[in-house]
Amino acid sequence: MRHRPSGENIIGFESVGLRYGLGSEVLQDVSFVMPAGSFHFLTGASGAGKSSLLRLMFLGLRPTRGRVVLFDKDIAQTRRYELPALRRRIGVVFQDFRLLDHLSILDNVALPLRVRGVKETEIKKHVPELLAWVGLAEHLHAKPPTLSGGQKQRVAIARAVIGRPELLLADEPTGNVDDHIAMRLMYLFEELNKLGTTIVVATHNEQLVTRFSHHPRLHIGHGIVRKVSP
Amino acid sequence: MISRHSDLPLKGDATSRYMPWLVALMVFLSAVAVASAFAIQTVMTRWDHDVSGTLTVQVTPVPGDGGEALTEDRVRAAIDVMERTHGVTAVHALDKRQMMALLEPWLGSTDVVEDLPLPRLIDVTLDPDAHVDLAEAGERLSRTVPGASLDDHRIWLSRLIDLSRTIQWLAVGIVVLIGAVTSATVVYATRTGMAVHREVIEVLHLIGAQDDYIARQFADRAFALGFGGGLMGLALAVPVLTAIGWAARRMEGGFLPHLSLPLVGFIAIGLLPAAAALVAMVTARSTVHGTLARLP
Ligand SMILES: Nc1ncnc2c1ncn2[C@@H]1O[C@H](COP(=O)(O)OP(=O)(O)OP(=O)(O)O)[C@@H](O)[C@H]1O
Ligand SMILES: [Mg+2]
């Protein structure tokens, strides 16, 4: 794992604005930094722009204005061919999972390794291990459409962490699971965080944020992001 | 190569249903064009071989009473001149019966032509190694024997060879054109496939796939479809070409030399499915790269 010494910033936003098409700005003037190795919650009402902010972080969108710096690279200046290398350092749990319905969950979780050219023997070893850890050992060959929402969510999380990313962006990762599993997943994130992964969890589950209130939180309201310290 | 891992569900695409047939047709047409080009080559070589080394002297018949005897004298004089020419090994005048036999396939019943004032022909065989000044010989012949002229087969032969060569280039052009059409179809099919699987491609990108990771999957699929279709086309072409060759062999009346395909021809046709597969693969790959490069 390539982890930088904590203290250095892994993400920096400077006066970032975002609008979709010709609509009004979803995000206005967003500025913050996240040190490497930190753990942040991202909160805000539904429609506030949490997913949009994450999309900017995983390079799924470019800002309409302002500057986004990721791993010391100004995103505005990165070329298309440089994106895959950056994205491999980021794991994403999408709010809508984005699993590939025609692939088994084993193959879904193996994807980040396959695109990196990891050997099949390695894949056959690590992927079932991780899936067993998230409680899906029985479903290795099932296709996502046959799984429950909570099971899909765990597949999505497994896919996000299998590549040992430096930055993990999780969009409502506990939205569809019961409390017990939610806690288990949060402990997984904490564990990864201890190993050096920078974590951002977007959620509107206030209970969860309160329970893990030792982590700082960024709150989005009216297009503005403000820091709520623990 | 064909069974490499693929994340994109390309097997179920409509492309999988029509592409092999299309490539089959293209390979079939290419095989016909290639076979024609090689068959023409064989014919040309034989013409060259058959006709070089022979010349024809033509003596115009003298009209009127006693003309026949006079013509006969001139034929004899012409034979005499040719026999004394350096490099000539044999001189042989065709008699009226042989002439009729030659003309029969074209004019039918010989009774009709019996009375026509036909020119008399004399076959002259040359020593293939000797250098003969044909222009000088022809001039001497015309000077000595009125109404006699030397007809150099090589003149019309060269025109025939020119024509054949044009037809060969045409065949090459047809094959190139077929390749271009196949390529264009693959471009279209690939773009359609990319639109259908837009979301999967986006996910692959977001988890760090390089463009080539995606391009390779389309390329592998195109190769498999192209090769399968190509083999079908070949399976179709072989019996058809065999039948044409067989029919031509029965038809040929001495004028068309034996039609056959040289070994290189068989090899070229045998390689067509692989060529089609390669064209499809390269096209698909560059189409994916081109399309992805235009994304933001
Ligand atoms: N692709 C899009 N095109 C146009 N508008 C969009 C798009 N995605 C999001 N929006 C708009 O941007 C705003 C923020 O959406 P976003 O999905 O970021 O909210 P969110 O905070 O993640 O909400 P939730 O908690 O419900 O997931 C919303 O008003 C939404 O309508
Ligand atoms: Mg959201």
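As a basis for the values below, the full set of heavy atoms in this structure was taken, side chains included, without hydrogen atoms, waters or symmetry mates. Throughout, a chain's letter reflects where its sequence line sits, starting with A, and its residues are numbered from 1. If you're wondering where the values come from, they're calculated on a predicted model, not measured in any experiment.
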>> Sub-4.5 Å heavy-atom contacts with chain B: which residues of residues 95-112 of chain A show up?
In response: Arg98(A), Leu100(A), His102(A), Leu103(A), Asp107(A), Leu111(A), Pro112(A)
> Residues of residues 187-215 of chain B under 4.5 Å from chain A (heavy atom pairs)?
Replying inline: Val200(B), Glu202(B), Val203(B), Leu204(B), His205(B), Leu206(B), Ile207(B), Gly208(B), Ala209(B), Gln210(B), Asp211(B), Tyr213(B)
> Would you say Trp133(A) has more than 12 foreign heavy atoms packed within less than 6.0 Å of its CH2?
Replying inline: yes
>> Per the side chain to side chain donor-acceptor pair (under 3.5 Å) rule, what does the pair list look like for residues 135-147 of chain A, sequence neighbours excluded?
In response: none
> Considering residues, nucleotides and ligands other than Phe32(A), do more than 12 of their heavy atoms fall under 6.0 Å from its CZ?
Replying inline: yes
> Can you name the residues of residues 63-70 of chain A that have some heavy atom under 4.5 Å away from a heavy atom in chain B?
Replying inline: none
>> Heavy-atom cut-off 4.5 Å, strictly under: side chain, backbone, both or neither for Arg159(A) against chain B?
In response: side chain
